[in-house]
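Comments concern the structure below.
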Amino acid sequence: MELYNEKELDRLNPYQKEAVLDESPACIVNANVGSGKTTVLISKVQYLHHVKKVNYEEMTVLTFTNKAADEIKSRLLAAEPELPVEKLRGFGTFHSTALYYLREYLPVEKLGYTRDFLVIDPEEELELALDLIRQHKLKIKYKNRLKKRLESAMAVRGEEKKVSKYQDDIFDLVRLLREEKASQDKMTFFDLLENANLLLREEIGNSPSPKWVIVDEVQDSDSQQLVFLDRLVSRGANLFAVGDPNQVIYSWRGSAFQIFYTLKHKYRAKELTLPINYRSSSSILEAARCFLQNGSPLTGVREPGNKIIVKRQYDAFQDACYLAGRIKKLHREGTPYGEMAVFYRLQSQSGMFEDVFSREGIPFEVSLKRTVGDVPVLRWCIRLLRFSLNKKDTPSGIYVLASREYGEGISEKKAKEIVCNSKPGASLLFDKMCGFSRICEELGDEEALFSYFELERYLNPVSASYMEDRDAVHRLFQIMFDYVKEQQENREAGMRAFINSSSLYGLDVLREEISEEKDSVKLMTLHASKGLEFSCVFITGVNYGLIPLKTRDMDGEEEERRLFFVGITRAKDRLELSYYTNPGERAMPGESRYIRMIPPRLLEGEEERGPAVSLQELKRQVQEQRTQVQERSLQEQKRSLQEQERSLQEQKRSLQEQKRSLREQEPAPTKRVRHPRYGTGVVVREDETMLEAEFEGYGTKEFIKAFSELEYI
DNA sequence: GCCCTGCCTCTTTTT
DNA sequence: GAGGCAGGGC
């Protein structure tokens, strides 16, 4: 094994180094965008291993996405090629780690499961729920929103009174569903964490207790994940968590802005910061600072770079055409397509760009994940394997037999009868599924599996999609056999693990190219952009009503701002914003005030701009700052309170300064204004935000100063 | 099964 | 501010 090179540490800046070397039992690192968060995390792991002699098996590294987990693992393996992958089994998403614990250590029998349980996707749980409603004649309101209703009902735990808001049987359904899932040996993503938390609560000898728990993007944790974390920490694990409160964009999913501070308080954690951003040019960074909420220092090291370009477009189509030309130009000048990305607020906005870009011959990729479940034939095959591996999974058996497209096309009623009464001889396919365990180990290759189930017959050879379907199934089986070989377990256990991981990771079987680094422009929502970086970023539709999206409350509004912050901080060298004068239904015409919040000297647009921030906006910001301080003072220690107070003072001072400079710009008592449409007029009334002027031929008009195109003469 | 009223939600998405 | 659903009255 290679020795951990001390020089590794010297490559880090002092802040990063401090975080890696920190010895406190709990440490929370407040990492700014682009400050080398992942580098610190990986360095920490290596440092613990090589210097502190903590085995990799004694660490649990938790991430939210598979992508992040894969990145950490591959970077560790790149630094240490001889490291056996099995040692990193505790490195993964919260869910995959919970799955690992449940399978290997925790007494799942206590909850009515066997060690061979399978993971199912939310879709299947919904089917199960609908079935139970029918069976037990439950009264459930808003069935079309059952998925959401189940989610919120399942989140109600313990002694809270379980009375439905709509006075229906939703809680009975939750209970029945839990029993049904246990009896069919199935767990959903939710159950994985829930059950792991339940079993980890009791002291059990043979259960996992890692020495170190390391968490990436801790600000995204929901309550289940926080409990999971707590279970591990209360067993004596040290905690090292990295995150950025300015990047909380998933609170609608259960994470909360103040989690960072709650954690710090709860574990009396030491708080460190990584302030230096290496990613973006200083202009981009300065613009980003306008959207920071907690006054944390965000320091850059790069040159000013290009100005931020703001473009006014008639509509999305015009914008797409303009962008196509712009992207081609940048490409000619040497920026690879893969270094450019277009962000938008809503999934539905991607269509226009896809159309125009494919017409213009620009290679692009839309970040939308397709999984096995999205392809009917693969869905059917997975369920065929499910029932073959788990006879308790009767719904899968029925699904396979009663499918209209594939299999024997038996009526649902008959299928139910065959599967539930386990009638041999009634269906060839059913007998094959039942007999699968016996011959499973003897199957030579994926071809043998294909012919065992006589799939050339059951995949409906007369259908138009037969060839496509057959290839997809072959590919699925191929991937499965490769996976099983890697696992070094017996065939049946390996296949079970494969099916679990395919629901957990969403195998992208259909993807033609395996190479991730295709040179193509990436199209995605602002949410999907988190964690990525590009040389050149285009954010489109920066209209009020879209960015920020019209929100219900103040919290939503703040989240919109963080979302925009995440978007602009993805850009390394170029940031270009556009807005529409004629947007669709949802948005309002004209630029979003987010554009006005960026100092004009950073911008390069085709028109002159008014004051960067309206007084109203500044006032609102200070107000927000004030309420934030109040909220946090409940949780935070005195010291940080004072810090906040100081930053508030600074904000106030800068507000006063800006007010003063605004006032200086204001005219002497003459008060005449020019308007592009109404010509020159005389100011009748004026206060901090509003202005009333009389124009010859038009009468008196009222304007909001910051948004009107008035000019003092 | 139709019409009316009231109520609810809508967007973002990972596992 | 629309559109979908539940439930009551008919």
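Below, read A as the first sequence line, B as the second, and so on, with proteins coming before strands; counting in each chain starts at 1. Note: hydrogens, waters and symmetry copies are ignored here, and every other heavy atom, side chains too, is used.
Separating the CZ atom of Arg562(A) from the P atom of dT12(B) is a distance of 18 Å, rounded to the nearest angstrom. The separation between Leu62(A) atom CG and dT15(B) atom C1' is 13 Å, rounded to whole Å. Taking atom CD of Gln219(A) as the reference point, atom P of dT14(B) lies 15 Å away to the nearest angstrom. When rounded to the nearest whole Å, the span between CD of Glu125(A) and P of dT14(B) equals 19 Å. Counting to the nearest Å, the C1' atom of dT13(B) and the NE2 atom of His95(A) are 13 Å from each other. Atom CD in Glu558(A) sits about 23 Å away from atom P in dT11(B), given to the nearest Å. Per the geometry, CD belonging to Gln224(A) stands 17 Å off P belonging to dT14(B), to the nearest Å. Protein atom OH of Tyr100(A) is 21 Å distant from nucleotide atom P of dT15(B), rounded to whole Å.
Put simply, the side chain of Lys181(A) reaches to within 4.5 Å of the side chain of Thr188(A), judged on heavy atoms.
Annotation: of the two residues near DNA chain B, Thr525(A) and Lys148(A), the 5′-most nearest-nucleotide partner is Lys148(A).
Here, dG3(C) and dT13(B) have their P atoms 24 Å apart, quoted to the whole Å.
The side chain of Thr93(A) sits closest to dT15(B) out of dT11(B), dT15(B), dT13(B). Closest to the Tyr250(A) side chain, of the nucleotides dT13(B), dT12(B), dT15(B), is dT13(B).
Distances shorter than 4.0 Å separate some side-chain N or O of Gln347(A) from OP1 or OP2 on dT13(B). Of the side-chain N and O atoms in Asn66(A), one or more sit less than 4.0 angstrom from OP1 or OP2 of dT15(B).
Note: Arg475(A) CZ to Met480(A) CE = 15.0 Å, rounded to the nearest 0.5 Å.
A distance below 6.0 Å separates the ring centres of Phe291(A) and Tyr594(A).
Within the cation-pi definition used here (under 6.0 Å to the ring centroid, within 45° of the axis), Arg383(A) qualifies as a partner of Tyr399(A).
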